[in-house]
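Inspection log for the structure reproduced underneath, given as structure tokens.
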Amino acid sequence: MIYRKRNENRKENMEHTTNEIKEKLEQRLLNKLDYSKESSDEEVKELIDNLFLQEEALRVYTVEQRQELKQHIFHALRRLDFLQTLLEDESITEIMINGADSLFVERKGHIKQLTEHSVSEEKLLHIIQKMVSGCNRSVNEASPIVDARLKDGSRVNVVLAPVAINGPIVTIRRFPQNAITMEQMTAWNSISPEAAEELKLLVRAGYNIFISGGTGSGKTTFLNALSGFIPSEERIITIEDSAELQLQGIPNLIRLETRNENVEGCNAISIRDLIRASLRMRPDRIIVGEVRGEEAVDMMTAFNTGHDGSMSTGHANSASDMLIRLQTMILMGMDLPMEAIKQQIASAIDIIIHLGRLRDKSRKVLEIVEVDEYVNGEIRLHTLYRFEENRKEKGQIISGSLEKKGAIKHDAKLKAAGFAV
């Protein structure tokens with residue numbers, strides 16, 4: 001017991017000493033850097049090596065400890081400090097910071113708290129400013145909420161005081177470096193081969209597709225995979241709040257991203273502005289990353305004005321709920337009779353794909369429906385596929401399959417594209 005206590009005390013003293021040395025070396029390095037020119041990563045690493053040779057306190061450290069300390073200092077100066085190691089860990093899909101002393105990560109759908117990383121609120125705020133400034137965004141007490149993205153495509157949401165009570169809140173959603181394909185999703189049983197093949201024909205034939213699902217259900221990932229079926233000769237415009245889409249194999253691609261208002265509270269560029277601008281850029285298809293509000297009006301206009309094969313995503317609990325949410329969002333942007341709104345939606349959207357995150361943390365396509373027609377004040381949906389869970393099998397992993405329920409009724413686009421129905 002006494003021996004264990006001594007080891008714990010020795011470890012705490014070692015960590016405290018290491019932190020002191022790290023802070024001291026960081027400050028000395030900052031003083032040595034030449035700010036009149038842009039220093040390369042190699043030059044910074046060389047300066048760190050020279051400082052380590054001069055620091056007598058480091059002589060008791062092992063080679064591994066010295067290398068780890070060098071990496072910490074380099075990341076603090078040139079990268080995102082303690083977050084850099086987590087961002088380089090491909091098993092982590094989400095990083096959640098709830099104030100300076102609370103850090104959680106998600107691995108394979110399971111959330112775990114990390115206690116080995118500690119940082120002051122001042123340091124965390126410095127890291128936040130480094131992240132948001134990298135994509136020309138700003139966040140402060142006057143404008144305490146911002147969405148941004150990192151160089152690797154990760155999505156960042158920041159909330160500061162006075163909105164955030166328990167300190168700076170940072171949520172980072174990480175995406176795979178290599179875009180996931182529909183073949184991989186089929187191998188993971190996220191979608192059946194039959195459904196994937198039918199979606200391929202629908203995308204190539206120019207059906208307007210809307211992807212719905214809850215938070216973390218994989219809407220953006222599925223949209224990326226679905227875009228792999230778009231013919232490479234087409235001109236595509238993507239419109240997003242924060243650029244996340246990774247469309248592959250499309251040379252004629254334009255990527256547009258919204259801009260927050262400046263410090264004077266003006267010159268913001270919204271999704272609505274970008275959709276209207278995109279209509280003058282001669283697109284074959286328009287892909288809106290996600291609709292959350294009044295921009296649904298302009299999205300429906302784009303879908304209804306000859307841009308066949310356009311796509312978007314939105315939050316909902318089911319395909320039918322997505323239609324209700326779209327009606328509400330359109331009302332936010334334009335005062336129209338409900339009958340006119342429903343007719344617009346029925347005319348604009350051909351297919352709704354609903355995704356879900358199941359209790360075993362797997363992400364699957366739960367439903368694929370065809371928007372049939374508007375009759376007697378209601379939009380009729382025709383189910384093409386539905387996920388059926390195998391209730392007979394007991395266990396933590398959910399067993400089931402995406403079952404075929406019906407065939408496409410509105411096949412004009414398929415016939416026009418030369419595909420057999």
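Predicted model, so just to flag it, every value in this text is computed and none were measured.
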Inset, instruction - Could you tell me which residues satisfy salt bridge (Lys or Arg N to Asp or Glu O under 4.0 Å) with Glu240, sequence neighbours excluded, listed by chain and number? - result: none

Which heavy atom of [X] sits nearest a heavy atom of [Y], and at what distance?
X: Ala100; Y: Ser120; value: CB-C, 4.0 Å
X: Ser232; Y: Gly249; value: CB-O, 3.3 Å
X: Pro168; Y: Ile128; value: CB-CD1, 3.6 Å
X: Ala319; Y: Leu381; value: C-CD1, 4.3 Å
X: Ile237; Y: Ser278; value: CD1-O, 3.7 Å

Between [X] and [Y], is there a side-chain N and carboxylate O pair less than 4.0 Å apart?
X: Glu403; Y: Arg386; answer: no
X: Arg235; Y: Asp284; answer: no
X: Glu106; Y: Arg357; answer: yes
X: Arg276; Y: Asp298; answer: yes
X: Arg292; Y: Glu290; answer: yes
X: Asp89; Y: Arg107; answer: yes
X: Asp81; Y: Lys123; answer: yes

Legend entry - Evaluation steps, side-chain hydrogen bond (donor to acceptor under 3.5 Å, both in side chains), between Asn224 and Ser227: CA-CA 5 Å; Asn224 277 326; Ser227 68; 4.8 Å; no

Got a second to check how far [X]'s [atom1] is from [Y]'s [atom2], nearest 0.5 Å?
X: Leu199; Y: Ile209; atom1: CG; atom2: CD1; answer: 6.0 Å
X: Ile275; Y: Phe303; atom1: CD1; atom2: CZ; answer: 8.5 Å
X: Ile341; Y: Leu326; atom1: CD1; atom2: CG; answer: 10.5 Å
X: Ile169; Y: Ile145; atom1: CD1; atom2: CD1; answer: 11.0 Å
X: Trp188; Y: Met185; atom1: CH2; atom2: CE; answer: 7.0 Å
X: Leu202; Y: Ile351; atom1: CG; atom2: CD1; answer: 5.0 Å

Inset, instruction - I would like to know whether Leu125 and Leu160 meet side-chain contact (heavy atoms from CB on, under 4.5 Å); could you show each step before the answer? - result: CA-CA 9 Å; Leu125 288 170; Leu160 300 183; 3.9 Å; yes

Can you tell me if [X] has over 12 outside heavy atoms packed within less than 6.0 Å of its [atom1]?
X: Asp152; atom1: CG; value: yes
X: Glu233; atom1: CD; value: yes
X: Gln113; atom1: CD; value: yes

Can you check whether [X] reaches [Y] side chain to side chain, under 4.5 Å on heavy atoms?
X: Thr238; Y: Glu257; value: no
X: Ile239; Y: Ile287; value: no
X: Asp321; Y: Ile324; value: yes
X: Ile353; Y: Ile191; value: no
X: Tyr385; Y: Val369; value: no
X: Arg285; Y: Asp308; value: no
X: Leu384; Y: Ile408; value: yes

Is there a donor-acceptor contact under 3.5 Å from the side chain of [X] to the main chain of [Y]?
X: Lys404; Y: Gly406; result: yes
X: Ser133; Y: Gln129; result: yes
X: Asn390; Y: Ser399; result: no
X: Lys405; Y: His382; result: no
X: Glu295; Y: Gly293; result: yes
X: Ser312; Y: Phe210; result: no
X: Glu367; Y: Val365; result: no
X: Ser102; Y: Gly99; result: no
X: Lys413; Y: Gly206; result: yes
X: Lys364; Y: Asn189; result: yes

Inset, instruction - Just do the side-chain contact (heavy atoms from CB on, under 4.5 Å) check on Leu114 and Leu86 with the steps written out, would you? - result: CA-CA 11 Å; Leu114 300 184; Leu86 302 178; 3.8 Å; yes

Legend entry - Flag for Tyr207-Glu370: side-chain donor and acceptor within less than 3.5 Å: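 Judged by distance alone, the side chains do not pair up.
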
Inset, instruction - List the steps, then state whether salt bridge (charged side-chain N to carboxylate O under 4.0 Å, His left out) holds for Arg79 with Glu88. - result: CA-CA 11 Å; Arg79 300 291 185 265; Glu88 292 173 358; 5.7 Å; no

Inset, instruction - Would you sort out whether His354 and Ser318 count as a side-chain hydrogen bond (donor to acceptor under 3.5 Å, both in side chains), showing the intermediate values? - result: CA-CA 6 Å; His354 183 70; Ser318 67; 6.0 Å; no

Legend entry - Pair listing, salt bridge (Lys or Arg N to Asp or Glu O under 4.0 Å) test, anchored in residues 168-194, at least two apart: Glu94-Arg173

Inset, instruction - Please say which of Leu124, Ile97, Val119, Leu150 ends up in a side-chain contact (heavy atoms from CB on, under 4.5 Å) with Leu83. - result: Ile97

Legend entry - Worked verdict on Asp241 versus Thr258 for side-chain hydrogen bond (donor to acceptor under 3.5 Å, both in side chains): CA-CA 5 Å; Asp241 261 337; Thr258 61; 3.2 Å; yes

Inset, instruction - Could you give me the CA-CA distance, side-chain angles and deciding distance for Gln344 and Asn304, then say whether side-chain hydrogen bond (donor to acceptor under 3.5 Å, both in side chains) is met? - result: CA-CA 8 Å; Gln344 281 274 347; Asn304 269 323; 2.9 Å; yes

Inset, instruction - For Pro193, enumerate each residue passing the side-chain contact (heavy atoms from CB on, under 4.5 Å) test, keeping only those at least two apart in sequence or located in another chain. - result: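 Thr186.
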
Legend entry - Stepwise side-chain contact (heavy atoms from CB on, under 4.5 Å) test for Ile95 and Thr171: CA-CA 6 Å; Ile95 301 170; Thr171 310; over 6 Å; no

Inset, instruction - Report the C-alpha distance between Leu336 and Val297 in whole Å, list the side-chain angles of each, state the deciding distance to 0.1 Å, and finish with yes or no for side-chain contact (heavy atoms from CB on, under 4.5 Å). - result: CA-CA 10 Å; Leu336 287 174; Val297 174; over 6 Å; no

